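So the structure is just underneath, and the comments pick up after that.
When reading the values below, keep in mind they use all heavy atoms of this one structure, side chains included, and skip hydrogens, waters and symmetry mates. It should be emphasised that the depicted structure is a prediction, and the values quoted were computed from it without experimental measurement.
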Amino acid sequence: MNEVRSGGDRQGTSGQTDSPRVFVPPPLIFASSVAAGLAIDMHLHEFGVPQVFAILLLVAALGLIGAALNLFRRQRTRPEPWQPASALVVTGVYRFTRNPMYLGMTLLSLSVAIFCQSLGAVGLSLVAAALIDRFVIRREKPISSAASAANIGLTSSR
């Protein structure tokens, strides 16, 4: 039985919490990195090939994020990494990448940076992706691995 702790964290029988305790929402990291990059490179350019590529990248990003959110909604679990999850999503886009929402946020921030032809925003988008990998994904991995192992144990014992 899981014990609910303050802040919404549940502690399982192994003593680990179900929440990776992510303190900064990943979309805020991406948004602030793009905003900072655009502030560094304050000029807009005329519409051309980079903008067309950026729009295609934006469509792909929104598709990934939307598909992932839809799967979370169908599984009735929370997409926010600072909230405990009630299910491990392994279908749909999650068959191809373990982190489609973070990949989508990376592509989204890169699309804005490319659209504005801002090398500063491109660079800081890549920095944001590295921060997400280091401070969010690595905190989520032990929890998703434990949930995956528990799920495999449940399905193999049936």
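- Residues Val59 and Phe96 are members of separate hydrophobic clusters, defined by side-chain heavy-atom contacts under 4.5 angstrom among Ile, Leu, Val, Met, Phe, Trp and Tyr.
- Transitive grouping of hydrophobic side chains (ILVMFWY, heavy atoms separated by less than 4.5 Å) keeps Val49 and Leu56 in distinct clusters.
- No single ILVMFWY cluster, assembled from side-chain heavy atoms under 4.5 Å apart, contains both Leu124 and Leu58.
- To the nearest 0.5 Å, atoms CG (Leu126) and OG1 (Thr106) are separated by 8.0 Å.
- With a 4.5 Å cut-off on side-chain heavy atoms, Tyr94 and Pro100 count as touching.
- For the atom pair CD1 (Ile29) and OH (Tyr102), the distance works out to 8.5 Å, reported to the nearest 0.5 Å.
- Atom CG in Asp133 sits 9.5 Å away from atom NZ in Lys141 (nearest 0.5 Å).
- Between Pro79 and Met101 the shortest heavy-atom distance is CB-CE, 3.9 Å.
- Taking both residues in full, the closest heavy atoms of Val34 and Ser109 are given as CG2-CB, 3.1 Å, listed atom of the first, atom of the second, then distance.
- A 4.5 Å side-chain heavy-atom check between Ile114 and Phe53 finds at least one atom pair inside the cut-off.
- Residues Leu108 and Leu64 do not share a hydrophobic cluster, defined by chaining ILVMFWY side chains whose heavy atoms lie under 4.5 Å apart.
- Minimum interatomic distance between Ala87 and Thr77 (heavy atoms only, all atoms of both residues): N-OG1, 3.3 Å.
- Here the closest heavy-atom approach between residue Glu140 and residue Pro81 is recorded as OE2-CB, 2.9 Å.
- Closest of all the heavy-atom pairs between Leu107 and Ala61 is CB-CB, 3.7 Å.
- With Phe115 as the fixed residue, the side chain to side chain contact (heavy atoms under 4.5 Å, CB included) test singles out one of Leu57, Ile55, Leu110, Val52: Ile55.
- At least one side-chain heavy atom of Val136 sits under 4.5 Å from a side-chain heavy atom of Ile132.
- For the atom pair CD1 of Ile65 and CG of Leu69, the computed distance is 7.5 Å after rounding to the nearest 0.5 Å.
- Nearest approach of Leu88 to Arg98, heavy atoms of both residues: CD1-NH2, 3.4 Å.
- Within the 4.5 Å cutoff, the side chain of Ser86 has no heavy atoms near those of the Arg78 side chain.
- Without hydrogens or angle criteria, Gln83 side chain to Glu80 main chain gives no donor-acceptor distance under 3.5 Å.
- Inter-residue side-chain proximity for Pro25 and Trp82 is flagged as met; some heavy-atom pair is nearer than 4.5 Å.
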